[in-house]
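The next block holds one structure in the form of structure tokens; read it before the comments.
Remember, predicted model here, so these are calculated numbers, not experimental data. All chains are named by letter (A, B, ...) in the order of the sequence lines, taking the proteins before the strands, and each is independently numbered beginning at 1.
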There are 2 protein chains.
Amino acid sequence: MHVRDRRVKRTQNLLAQALLALIAEKGYDAITIRDITERADIGYATFFRHYRDKDELLRDVADVVINELLEILFGQQPGQEPAAVGQLIFRYVADHSAVVRVLLGSRGPASLVQHVIQRGSENVLRQNKPRPDSPVPAEIAAHHLVASSIALIQWWIEHDMPYSPEHMGDIYRQLIVQPTLTSAFITDPA
Amino acid sequence: MHVRDRRVKRTQNLLAQALLALIAEKGYDAITIRDITERADIGYATFFRHYRDKDELLRDVADVVINELLEILFGQQPGQEPAAVGQLIFRYVADHSAVVRVLLGSRGPASLVQHVIQRGSENVLRQNKPRPDSPVPAEIAAHHLVASSIALIQWWIEHDMPYSPEHMGDIYRQLIVQPTLTSAFITDPA
DNA sequence: TCCTTATGATATACAATATATCATAGTATA
DNA sequence: TATACTATGATATATTGTATATCATAAGGA
């Protein structure tokens, strides 16, 4: 597989850049393929010579970022200090925040989940007293609590609920509630 | 505000039921408004007399579930045992799994995030040894690790990165890595 | 240079959204 | 129960966006 035709590379690059710019401007759903091709200054029909639809283009753009992040997370030799990985992740995100923001910025019905997390977090903050000396801000802890609860529910549902609600309640407490409360909130002695 | 016109109630109910059924059949994106109205046996134009678009109908359906879940989580008197809340959540989800599955079932670009979580989880499982006696299954722990990492990144990005990568690395370790590793995996003594 | 192929411009078929109109049937309320 | 109200169904239509085909031209690879 030699070097691709320069024209193909150029076109796909222009389309990718145009998509990212447009998402930042008006969100993914509102974008038409004509929007993309006009912004990229590319013929409309040319789009379909490269991608079946918008989603396929987005996937192509995302793959680059995904692979780099996975490389950071798991590309290192085993036995290396895993303590620094956290910093590496957030440094990478900071360096590529424009793209990451676009890829994580959910909208449409997906923003429903975001809405739930938002409302849930506010409730958590309202009903818990933050621990003053904690390095974990209460706002982050609340967001973490709700977001990972939803993720856990999501896993359970998508795997057809293989464990009982009681068992899941245990997991939920051990993996999410207990660590979050002890590290960021003042636990109420019942 | 008296009781609404029975016809309105009936129409909106039929539309909601039709939407849920169709999502389960072929996914949200593939559904057209004509699909919904035909399934509901409702005139096409009638849809727009109630909702601006598909998303508005979905939001309407979702609000019911969201409010019930928040009620379970935060509707109780303070000072009550918070240990049982986990069970309550998962019991509720089990009882309403059809709807919850639909609402959490991400689509379009949102499914990109799901894809990343999937790939990330596989890597975590590959590179860590599960603790045999843990009540937390390795598969769940891996999913939790990756999903809540992404959620944390999402919070950071959406709040314009108010803390340094080093600080976020600390939070990440304390809130996510350390609890997950100690409860489900055999920690490698460096 | 010569052959290949990607692109631009254009036309067209098609699907889906969104709105308007009007007769009819179902509802609320006095 | 009679009356005024309004939601609905059926239909037509304008508009927008997708997807594909064709052909001349320009750019690229060997």
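- Taking the ring centroids of B:W156 and A:F90, they lie under the 6.0 Å cut-off.
- Separating the CZ atom of B:F48 from the C1' atom of D:dT15 is a distance of 13 Å, rounded to the nearest angstrom.
- Put simply, CD1 on A:I36 is 12 Å from P on D:dG17, counting in whole angstrom units.
- Spacing between atom CG of B:D5 and atom C1' of C:dG26 amounts to 8 Å, rounded to whole angstrom units.
- Side-chain atoms of A:S148 do not come within 3.5 Å of backbone N or O of B:S148 as any donor-acceptor pair.
- Relative to the ring axis of B:F185, B:K129 does not place its NZ or CZ within 45° and under 6.0 Å from the centre.
- Rounded to an integer number of Å, the gap from A:R4 CZ to D:dA30 C1' is 19 Å.
- Rounded to an integer number of Å, the gap from CG of A:D55 to P of D:dG17 is 17 Å.
- Both the sub-6.0 Å distance and the 45° axial angle are satisfied by A:R34 relative to the ring of A:Y44.
- There is a side-chain donor-acceptor pair under 3.5 Å between B:Q12 and B:R4.
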Under 3.5 Å, N/O pairs linking protein and nucleotides 7-13 of chain C:
| from | atom 1 | to | atom 2 | distance (Å) |
| --- | --- | --- | --- | --- |
| C:dT7 | OP1 | A:R7 | O | 2.9 |
| C:dT7 | OP1 | A:T11 | OG1 | 2.2 |
| C:dT7 | OP2 | A:H50 | NE2 | 2.6 |
| C:dG8 | OP2 | A:G43 | N | 2.8 |
| C:dG8 | OP2 | A:T46 | OG1 | 3.1 |
| C:dG8 | O6 | A:R49 | NH2 | 2.9 |

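- Between B:K54 atom NZ and C:dT17 atom P there is a gap of 7 Å when expressed in whole angstrom units.
- Each of B:I33 and B:R6 has a nearest nucleotide on DNA chain C; the 5'-most of these lies closest to B:I33.
- Scanning all heavy atoms of the two residues, the minimum distance from A:L145 to A:V177 falls at CD1-CA, 4.1 Å.
- Taking atom CG of A:D35 as the reference point, atom C1' of D:dT16 lies 12 Å away to the nearest angstrom.
- Straight-line distance from the CD atom of A:E56 to the C1' atom of D:dA19: 14 Å, rounded to whole Å.
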